[in-house]
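Reviewing the structure listed below.
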Amino acid sequence: MPMIVISDLDGTEHRLSAQAGETVMQVGRAAGLPIIGECNGSMACATCHVIVAPAWADRLPPIGEDEDATLDTLFNLTATSRLGCQIAITAALDGLELRLPQR
Ligand code: FES
C-alpha cells in the first residue's frame with residue numbers, strides 16, 4: 001500500500017497509507033487534515049491546494065489546462081502547487097511528500 005507524507009502548517013509530518021487510485025485530497029481529508037475539497041474533485045474550488053516537495057514535482061503527471069486555470073485563482077500559488085484532487089496515488093508515488101499551504 002503506497003504511503004504519502006503530508007506536512008501540516010506547524011511542520012508535523014503525517015504519514016498516511018493510501019489505496020492506489022485514491023487522491024491526495026481524499027487521503028488527507030480522511031486523516032482530518034484541513035484539505036477541504038469542497039467541489040469533490042471537479043477542479044472548481046482549489047480548497048484541496050497542496051504544495052509538492054520539489055524532488056517529487058516532476059514525477060507527477062503534468063498539470064492539465066483546467067487544473068492550471070484553477071490554480072491560477074490562488075493567492076498563495078507556488079512553483080510546485082497542485083490540486084490534491086488531481087493527484088491519484090499509484091505505487092510509483094510511494095513516499096510522495098507534500099505540505100499544506102499557508103492560508
Ligand atoms: S476538490 Fe475542488 S479543486 Fe480539488
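Counting starts at 1 for both ligands and their atoms, following the listed order. Positions are given from 1 along the sequence. Note: hydrogens, waters and symmetry copies are ignored here, and every other heavy atom, side chains too, is used.
Between V5 and L96, every side-chain heavy-atom pair lies at or beyond the 4.5 Å cut-off. A 4.5 Å side-chain heavy-atom check between I51 and N76 finds every atom pair outside the cut-off. Under the 4.5 Å side-chain criterion, counting only non-hydrogen atoms from C-beta, V27 is not in contact with I6.
Counting only N and O atoms by type, the side chains of S7 and H14 include no donor and acceptor under 3.5 Å apart.
Residue-environment remark: CG (D72) exceeds the threshold of 12 foreign heavy atoms within 6.0 Å.
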- Take L93 and W56 through the side chain to side chain contact (heavy atoms under 4.5 Å, CB included) test and state the conclusion after the steps. CA-CA 9 Å; L93 295 182; W56 282 92; 4.2 Å; yes

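With waters neither drawn nor counted, the protein N/O/S atoms under 2.8 Å from atom 4 (Fe) of ligand 1 amount to 2.
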